[in-house]
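As C-alpha cells, the structure follows; a few thoughts come after it.
Owing to the predicted nature of the structure, the values given are computational and were not obtained by experimental measurement. Keep in mind that the numbers below use all heavy atoms, side chains included, and drop hydrogens, waters and symmetry copies.
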Amino acid sequence: MSESSRFPRPLQRTRLYEQVAEQITGWISENDLKAGDRLPPERKLATSLGVSRATLSQALVALEVIGVVAVRHGDGTVLTDKPKVERITDAIRAHAERIPDVIEARDALETKIAALAAVRRTEEDLDRIEGALTSMEEDIAGGGRGVQGDELFHRAVTDAAHSPLLAQMMSEISELIRETRIESLSQPDRPKTSLAGHRKIAEAIARGDGDGAATAMHGHVMLVSDVALLREG
C-alpha cells in the first residue's frame, strides 16, 4: 500500500459563506418563496442571520452563480425559476472545481476570436462593440455591475470574428462563462477594471492589430481567473 493511499483525505472545511448560503436557502423553503419573490435587503438579511454584510454578499454571489437567485440592479435579489439545488454546498464547490477548465477554454477561444476580429471586422461590427461598451459604462455609472454589457461586448467581438464554428463553441460554454462573469463583476472595483480591459481589446480590434487584440483579450481573461471568489480558501 502506498503512503498516499494509507490514510483517507481530510474533510474539506465548510466556509462561512457556504454555511450562510445554506441558511438562506433554508429560509427560502421555510417561507415558501416562489420564483420572482424578492429576498429582504442585504442589511436586514445580514442582521437576521447574524453575519457581516461582506459574508452575506459572498453567499449571495455563490447562489447567483449556481442559478438560485438573480441580482437585478434597482430591484434587489430575486428568486429564479430554475429547479432547486438539493445540496447547495456541493453545487458551489462543483462550480469552483470547473473554474480552471472554463478559464482555459475561454483563453484558447477568445484570444483567437479577438485576433480574427481585428482583421475581419466590419464597420457594423465596430459599432456593435462600441454600443456594448457604452451599455456597460452606463450601467456601471448607475451603480450596476455591467453584466449585460459585458456579455454584449464578448458576443459582439465573437460575431466580428466571422467564424461560425468558433461562435458555436462559445455558445456551447456560454452558461459556464456566465458563472465566471457574475463572479468576477461582483468583486469591488471589478466592473470598472473589466470595462478598461474591454476598451483595450476594442481599440486593438479597431486599428486592425490582431496580436494586440489577442494579448489584450488574454490579459482580460486571466484577470477573471485571478478574482475567482469561490475558490478562496
Side-chain angles (χ1 to χ4, degrees), residues 57-58 60-67 69-75 77-78 80 95 98-118 121 125-161 166-167 169-206 212-231:
S57 294
Q58 217 173 0
L60 290 175
V61 170
L63 292 175
E64 186 178 12
V65 162
I66 63 175
V69 302
V71 178
R72 299 174 184 167
H73 180 49
D75 200 27
T77 304
V78 182
T80 68
H95 159 75
R98 63 179 170 259
I99 285 175
D101 287 339
V102 176
I103 297 299
E104 187 175 70
R106 282 197 70 178
D107 189 32
L109 291 173
E110 293 202 81
T111 52
K112 181 62 177 178
I113 283 170
L116 291 175
R121 85 289 187 278
D125 291 326
L126 292 177
D127 287 344
R128 288 186 59 207
I129 290 171
E130 188 58 36
L133 289 174
T134 299
S135 174
M136 187 175 183
E137 184 175 33
E138 289 176 349
D139 187 21
I140 294 169
R145 297 175 296 178
V147 173
Q148 184 176 7
D150 185 294
E151 183 176 353
L152 289 173
F153 174 80
H154 286 277
R155 189 184 305 161
V157 172
T158 297
D159 290 345
L166 284 174
M169 291 178 180
M170 286 297 294
S171 178
E172 290 291 331
I173 63 170
S174 61
E175 192 61 28
L176 296 174
I177 291 176
R178 176 187 169 276
E179 293 180 2
T180 59
R181 174 175 291 120
I182 290 171
E183 192 174 359
S184 174
L185 293 175
S186 296
Q187 304 305 297
D189 299 321
R190 180 58 57 222
K192 290 182 179 179
T193 304
S194 182
L195 178 60
H198 285 176
R199 290 206 176 280
K200 288 182 180 178
I201 297 165
E203 288 166 3
I205 290 173
T215 298
M217 182 64 83
H218 171 72
H220 176 65
V221 174
M222 289 302 99
L223 181 69
V224 174
S225 70
D226 286 342
V227 296
L229 170 70
L230 305 183
R231 287 193 286 132

Practice problem: Using modelled atom types only, decide if a donor and an acceptor are shared between the side chain of Ser184 and the backbone of Thr180 within a distance under 3.5 Å. | Solution: no
Self-check item: Rounded distance [0.5 Å steps], CG in Leu185 versus CD1 in Ile140
Solution: 7.5 Å
Quiz item: Would a 4.5 Å heavy-atom cut-off, applied to side chains only, mark Thr193 and Leu223 as touching?
Solution: yes
Practice problem: Using the test side chain to side chain donor-acceptor pair (under 3.5 Å), find all partners of Arg128 that sit at least two apart in sequence or belong to another chain. | Solution: Asp159
Quiz item: Checking side-chain contact (heavy atoms from CB on, under 4.5 Å) for the pair Arg121/Val157: CA distance, chi angles, key distance, verdict?
Solution: CA-CA 9 Å; Arg121 85 289 187 278; Val157 172; over 6 Å; no
Exercise. Quick one: pull up CZ in Arg155 and CD in Gln148 and give me the separation to the nearest 0.5 Å.
Key: 8.5 Å
Table please: side-chain donor-acceptor pairs of residues 102-110 below 3.5 Å, with sequence neighbours left out.
from: Arg106; atom 1: NE; to: Glu110; atom 2: OE2; distance (Å): 2.6
from: Arg106; atom 1: NH2; to: Glu110; atom 2: OE2; distance (Å): 2.8
from: Asp107; atom 1: OD1; to: His218; atom 2: ND1; distance (Å): 2.8
from: Asp107; atom 1: OD2; to: His218; atom 2: ND1; distance (Å): 3.2
from: Glu110; atom 1: OE1; to: His154; atom 2: ND1; distance (Å): 2.7

Quiz prompt | Student check: side-chain heavy atoms of Val69 and Val78 closer than 4.5 Å | solution = no
Exercise. Quick one: pull up OG1 in Thr134 and CD1 in Ile129 and give me the separation to the nearest 0.5 Å.
Key: 12.0 Å
Quiz item: Looking only at heavy atoms, which two atoms of Ala204 and Ala118 are closest? And how far apart?
Solution: O-CB, 4.2 Å
Practice problem: With sequence neighbours excluded, tell me which residues meet side chain to side chain contact (heavy atoms under 4.5 Å, CB included) with Glu203. | Solution: Arg199, Arg207
Quiz prompt | For the student: nearest non-hydrogen atoms of Phe153 and Ala202, plus distance | solution = CE1-CB, 4.2 Å
Quiz item: Shortest non-hydrogen contact from Ala115 to Ala213?
Solution: N-CB, 4.4 Å
Quiz item: Which pair of heavy atoms, one from Ile113 and one from Ala161, lies closest together, and at what distance?
Solution: O-CB, 3.6 Å
Quiz prompt | Euclidean distance, Leu176 CG relative to Arg181 CZ, rounded to 0.5 Å | solution = 11.5 Å
Exercise. For Gln187 and Glu183, indicate whether the former's side chain and the latter's backbone hold a donor-acceptor pair under 3.5 Å.
Key: yes
Quiz item: Got a donor-acceptor contact below 3.5 angstrom from the Thr77 side chain to the Val71 backbone?
Solution: no
Quiz item: Which value, rounded to the nearest 0.5 Å, describes the distance between Ile201 atom CD1 and Met217 atom CE?
Solution: 4.0 Å
Quiz item: Would Lys192 and Glu137 satisfy salt bridge (Lys or Arg N to Asp or Glu O under 4.0 Å), going step by step from the backbone distance to the final call?
Solution: CA-CA 8 Å; Lys192 290 182 179 179; Glu137 184 175 33; over 6 Å; no
Quiz prompt | Inter-residue atom distance Glu64.CD - Ser186.OG, 0.5 Å rounding | solution = 5.5 Å
Quiz item: Are the side chain of Ser194 and the backbone of Arg190 linked by a donor-acceptor contact shorter than 3.5 Å?
Solution: no
Self-check item: Side chain proximity check, Glu151 to Arg178, heavy atoms < 4.5 angstrom
Solution: no
